[in-house]
**Student:** 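Have a look at this one before I ask anything.
If you're wondering where the values come from, they're calculated on a predicted model, not measured in any experiment. Throughout, a chain's letter reflects where its sequence line sits, starting with A, and its residues are numbered from 1.
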There are 2 protein chains.
Amino acid sequence: MPTSRLDPIDRKILAELQADGRMTNVELAKRVGISAPPCLRRVRTLEEAGFIQGYHAKVDSRELGFEVQVFAMVGLQSQAESDLSKFEQRCRDWPLVRECHMLNGEVDFILKCVAPDLSTFQSFLTGQLTAAENVASVKTSLVIRCAKDEPGVPFDVLEERLNRLA
Amino acid sequence: MPTSRLDPIDRKILAELQADGRMTNVELAKRVGISAPPCLRRVRTLEEAGFIQGYHAKVDSRELGFEVQVFAMVGLQSQAESDLSKFEQRCRDWPLVRECHMLNGEVDFILKCVAPDLSTFQSFLTGQLTAAENVASVKTSLVIRCAKDEPGVPFDVLEERLNRLA
DNA sequence: TTCTACACGCAATATTATTTCGTCACCCGG
DNA sequence: CCGGGTGACGAAATAATATTGCGTGTAGAA
C-alpha cells in the first residue's frame, strides 16, 4: 500500500474519530456519506497504515487524584546520539513522565510530568530526574491551569492547505 | 453525587479504557472480572461523573502532513485575570494551538502548536501570536522527535499511592 | 472496446450493547 | 434479632451494531 494518499472521505473519518473515538461505525458511515461496510474497511486500512495509532479514553487526572502537572526543561551534558537515546529510554521507564520531546535550542528535552502531589514530584525530581546520568540542568514549571488540550491535528487547517494546493 | 470514591474495579476500567478506548464492553467486563451489564453501568457512571472526559483516535500528525510541532513559551505584560482569560480564549480560537497551559515561574504560558510546514508556523508566530495584544515575549522550540507520548495518568503509580494510604 | 482492479452497497450472519428483572448482600432502625 | 430499603450483581431476552459474502458499476489500461 504505497500511494496512501487520503481522499476527502478518509480525512473526514479521521476528523470524526479524533473528535469521538467511540462513534459507532454506522454513525460514522452516515456522517461521511457512505454505507457501513466500506466505511469499516476504510477505518481498518487507516489503522493498519498507521494514520490511526490507537484509541484512548481521556481520563481526568485531577479527578483521579493527580493534582500536580509539571513541565520540565532538561539539558544534557552530551548530545551524542547514544546518550540521547539512553535518556529517552529512561523517560519511557519513568511512569510520572507522560511525554518526552527532543527540542532544538538551548534546552534538549521537554517533559510533561504528572504526580499525585508535590512531594511525590519533588522526590522524583531530585531523586531520579536531576540525579540521572548525563543530566546537566532541569528547570520545572508547575501547571496552574489548562486552557486547552486537544491532542491531534486541526483538520480545518488541513482542508485549507489542500485547497491551496489545488 | 459528591466524591464517589473509586473501587479497584473502577480503576481497572479506567486503566483499560485509557490503554484501548475502543475495547468492547464484553472484553472489558472479562478483564475486570464482572459481567457485561454492571460493567457498562460503571463506564456510563464514570463518563457522567467526569472521570472519563471522552474518547479520541490518536491520529499521526506527521503521516497527515503536519511536519512541524513547536513548543512556545509565552510571557504576558499583564497577569490580571481578565487579561489571562483573554489570552486563553485567543489560544482556543487558534487551530494551530493544540494545548495551552498556564504556568508558574517566569513564563506565563506554554503552548503546543502544530503546523503543516515551517512557513505556516512562522506566519502564525509573527502574524498572530507575537502580534497579539498583551503578549510580551515568545520563545519557541521546534520538536525534533518524540520519545514518549502517553496522555493520561499512570495507574500503576495510583496503585502504589493507594497502597501507602492503606 | 474489453479487461482488470477497485470500491461500493445490499443482504445475511455473528457479535455486541442494552434493557429487564429476579437475587443477594449490606446496612439501618425498630 | 429481625424486617425493609438500597444498591450491585448476573442471567436472559431484545435491540443495535459489526462483519462477511457477494453481485454491480465505474475508471483506467491495453
Side-chain angles (χ1 to χ4, degrees), chain A residues 1-60 63-65 155 158-159 162-163 165-166, chain B residues 1-60 63-65 152 155 158-159 162 165-166:
Chain A
M1 45 236 83
T3 81
S4 37
R5 191 63 179 286
L6 301 177
D7 68 13
I9 294 181
D10 288 320
R11 269 179 270 119
K12 200 155 186 205
I13 287 175
L14 291 174
E16 293 289 348
L17 287 181
Q18 183 170 310
D20 177 4
R22 281 208 90 150
M23 187 179 299
T24 66
N25 183 58
V26 294
E27 174 67 18
L28 181 61
K30 205 177 307 172
R31 295 199 187 192
V32 304
I34 59 179
S35 66
C39 183
L40 188 61
R41 283 191 288 261
R42 279 168 180 265
V43 172
R44 296 282 179 263
T45 303
L46 290 169
E47 289 167 356
E48 279 157 27
F51 288 98
I52 297 176
Q53 299 184 315
Y55 303 88
H56 305 280
K58 190 172 172 188
V59 175
D60 186 314
E63 287 266 17
L64 250 181
F155 280 90
L158 187 62
E159 291 300 331
L162 291 168
N163 291 338
L165 295 178
Chain B
M1 48 213 96
T3 70
S4 45
R5 195 60 179 286
L6 302 177
D7 68 13
I9 294 182
D10 288 321
R11 269 179 272 120
K12 198 155 186 207
I13 288 175
L14 291 174
E16 294 288 349
L17 287 181
Q18 185 170 353
D20 177 5
R22 281 208 92 152
M23 188 178 300
T24 66
N25 184 57
V26 295
E27 174 67 18
L28 181 62
K30 206 176 305 171
R31 295 199 188 193
V32 304
I34 60 179
S35 66
C39 183
L40 188 61
R41 282 191 290 262
R42 280 168 180 263
V43 171
R44 296 280 178 264
T45 302
L46 290 169
E47 289 168 356
E48 278 156 27
F51 288 98
I52 296 176
Q53 299 183 315
Y55 303 88
H56 304 280
K58 191 171 172 188
V59 174
D60 186 315
E63 287 265 18
L64 249 181
F155 280 90
L158 187 61
E159 291 299 331
L162 292 168
L165 295 179

**Student:** In this structure, how many angstroms lie between the C1' atom of C/dA25 and the CG atom of B/D7, rounded?
**Tutor:**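 From B/D7 CG to C/dA25 C1': 15 Å.
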**Student:** So, B/H56 side chain and A/Q18 main chain: donor-acceptor pair closer than 3.5 Å or not?
**Tutor:**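 Looks like yes, one N/O pair under 3.5 Å.
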**Student:** For the pair made of CZ in A/R22 and P in C/dT16, what is the distance, rounded to whole Å?
**Tutor:**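 Between P of C/dT16 and CZ of A/R22: 13 Å.
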**Student:** For DNA chain D, what residues of residues 9-21 of chain B have any heavy atom nearer than 4.0 Å?
**Tutor:**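 Listed by number, there are none.
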**Student:** Regarding B/S35, tell me which of base, sugar-phosphate or nothing describes its non-hydrogen contacts under 4.0 Å with the strands shown.
**Tutor:**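 Contact class for B/S35: base.
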**Student:** If the condition is side-chain contact (heavy atoms from CB on, under 4.5 Å), which residues does A/T45 pass it with, not counting sequence neighbours?
**Tutor:**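 In terms of side-chain contact (heavy atoms from CB on, under 4.5 Å), with neighbours along the sequence ignored, A/T45 is linked to no residue.
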**Student:** Quick one: side-chain hydrogen bond (donor to acceptor under 3.5 Å, both in side chains) partners of A/E16, sequence neighbours excluded?
**Tutor:**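 For A/E16, the residues satisfying side-chain hydrogen bond (donor to acceptor under 3.5 Å, both in side chains) (neighbours in sequence not counted) are A/R31.
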**Student:** Under 3.5 Å, which protein N or O atoms sit close to an N or O of nucleotides 18-22 of chain C? Give each pair with its distance.
**Tutor:**
residue	atom	partner	partner atom	Å
C/dT18	OP1	B/R44	NH2	3.2
C/dT18	OP2	B/R44	NH2	2.5

**Student:** Quick check for you: to the nearest 0.5 Å, what is the distance between A/I52 atom CD1 and A/I13 atom CD1?
**Tutor:**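 The CD1 atom of A/I13 is 8.0 Å from CD1 of A/I52, to the nearest 0.5 Å.
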**Student:** Please report the shortest heavy-atom distance between A/C39 and A/V32, naming the atom on each side.
**Tutor:**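 Of all heavy-atom pairs spanning A/C39 and A/V32, the closest is SG-CG2, 4.3 Å.
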**Student:** For A/P38, what residues pass the side-chain contact (heavy atoms from CB on, under 4.5 Å) criterion, not counting sequence neighbours?
**Tutor:**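 Per chain and number, A/P38 pairs via side-chain contact (heavy atoms from CB on, under 4.5 Å) with A/I34, A/S35, A/R41.
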**Student:** Can you give the first and last nucleotides of DNA chain D, 5' to 3', that have an atom under 4.0 Å from a heavy atom of chain A?
**Tutor:**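 Boundary nucleotides touching chain A, in 5' to 3' order, are D/dT17 to D/dT20.
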**Student:** Check side-chain contact (heavy atoms from CB on, under 4.5 Å) between A/E63 and all other residues, then give those that pass, not counting sequence neighbours.
**Tutor:**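 So A/E63 forms a side-chain contact (heavy atoms from CB on, under 4.5 Å) with A/D60, B/F51.
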**Student:** Could I get the full list of side-chain hydrogen bond (donor to acceptor under 3.5 Å, both in side chains) partners for A/D20, not counting sequence neighbours?
**Tutor:**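 By the side-chain hydrogen bond (donor to acceptor under 3.5 Å, both in side chains) rule, A/D20 matches no residue at all.
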**Student:** Supply the atom-to-atom distance B/E27 CD to B/R22 CZ, rounded to the nearest 0.5 angstrom.
**Tutor:**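 So the CD of B/E27 and the CZ of B/R22 are separated by 15.0 Å.
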**Student:** With sequence neighbours left out, write down each residue that passes salt bridge (Lys or Arg N to Asp or Glu O under 4.0 Å) with B/R42, or none if nothing qualifies.
**Tutor:**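 Partners of B/R42 under the salt bridge (Lys or Arg N to Asp or Glu O under 4.0 Å) test: B/D7, B/D10.
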